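Side-chain atoms are counted along with the backbone in the values below, which use heavy atoms only and exclude waters and symmetry mates. What you see is a predicted model, and the numbers here were worked out from it, not measured in a lab. One is the number of the first residue; the rest follow in order along the sequence.
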Amino acid sequence: MIVEGDLTFRESARKLADVIEAMALKLEGTAGLLKKERLLLAGKDYASLQSLLKELERSVSDFLGLEAERDRLARQLACVLGCDPKMSEIASNLEEETSKPLVDAADRLQRSMKGLKSEFEITSRLLDESKKLGDLVLSQLRGLTGSGFSVRG
């Protein structure tokens, strides 16, 4: 374990924890957008849905920027500590006081990722069911037109 006499270890670890917290917040916000998306789909508010999709794209882009920053900071800190750029490795090479915010932030990020995955799965199932319903309706309409029924009269 490295004992930090130097403030830069603490600053670097704090910056990394802050970025990870920001990532968790971004994922939680994205999960909220997916919930809102489902409501808009059900309400057929397509103009608002289009706006929401743009917001989702921005959220993903922001998250990817944060991920790149997290990766950069983790690599820098791991290089100084002489370990792999994994949170568990970094945390085990820091004093508990400095590593605790990192571990807490990583745990929150993991929970946020699980929540977002759940929202994606729910939305995906909703869209699949909607497609199946649409296919069923089209199939029924085709069956009607084959039986002598014509929309044209």
Hey, does the side chain of [X] reach the backbone of [Y] with a donor-acceptor pair shorter than 3.5 angstrom?
{"X": "T30", "Y": "K26", "value": "yes"}
{"X": "T98", "Y": "L94", "value": "no"}
{"X": "T123", "Y": "F120", "value": "no"}

Is the count of non-hydrogen atoms from other residues, nucleotides or ligands lying under 6.0 Å from Q50 atom CD greater than 12? no

Heavy-atom pair of closest approach, residues [X] and [Y]:
{"X": "S12", "Y": "L77", "answer": "CB-CD1, 3.7 Å"}
{"X": "L27", "Y": "S112", "answer": "CB-CB, 3.9 Å"}
{"X": "A91", "Y": "S99", "answer": "O-CB, 3.4 Å"}
{"X": "L102", "Y": "A17", "answer": "CD2-N, 3.6 Å"}
{"X": "I90", "Y": "A74", "answer": "CD1-O, 3.6 Å"}
{"X": "V19", "Y": "L66", "answer": "CG1-O, 3.5 Å"}

Spacing of I20 atom CD1 and E67 atom CD [to the nearest 0.5 Å]: 9.0 Å

Straight-line distance of S51 OG to K36 NZ, nearest 0.5 Å: 7.5 Å

Closer than 4.0 angstrom, basic N to acidic O: yes or no for [X] and [Y]?
{"X": "R111", "Y": "D107", "answer": "no"}
{"X": "E11", "Y": "R14", "answer": "no"}
{"X": "R108", "Y": "E28", "answer": "yes"}
{"X": "R75", "Y": "D71", "answer": "yes"}
{"X": "E119", "Y": "R38", "answer": "yes"}
{"X": "K132", "Y": "E129", "answer": "no"}

State yes or no: do [X] and [Y] share one hydrophobic cluster built from I, L, V, M, F, W and Y residues joined by side-chain heavy-atom distances below 4.5 Å, directly or via other members?
{"X": "L16", "Y": "F63", "value": "yes"}
{"X": "V60", "Y": "L25", "value": "no"}
{"X": "L49", "Y": "L39", "value": "no"}

Distance-only donor-acceptor pairs under 3.5 Å for side chains of residues 80-88, two or more places apart:
none

When you compare the side chain of L34 with that of I122, does any pair of heavy atoms fall below 4.5 Å? no

For residues M23 and E69, determine if any side-chain heavy atom of one lies less than 4.5 Å from a side-chain heavy atom of the other. no

For R58, what residues pass the salt bridge (Lys or Arg N to Asp or Glu O under 4.0 Å) criterion, not counting sequence neighbours? none

Results of salt bridge (Lys or Arg N to Asp or Glu O under 4.0 Å) for E37 - residues two or more places apart only: none

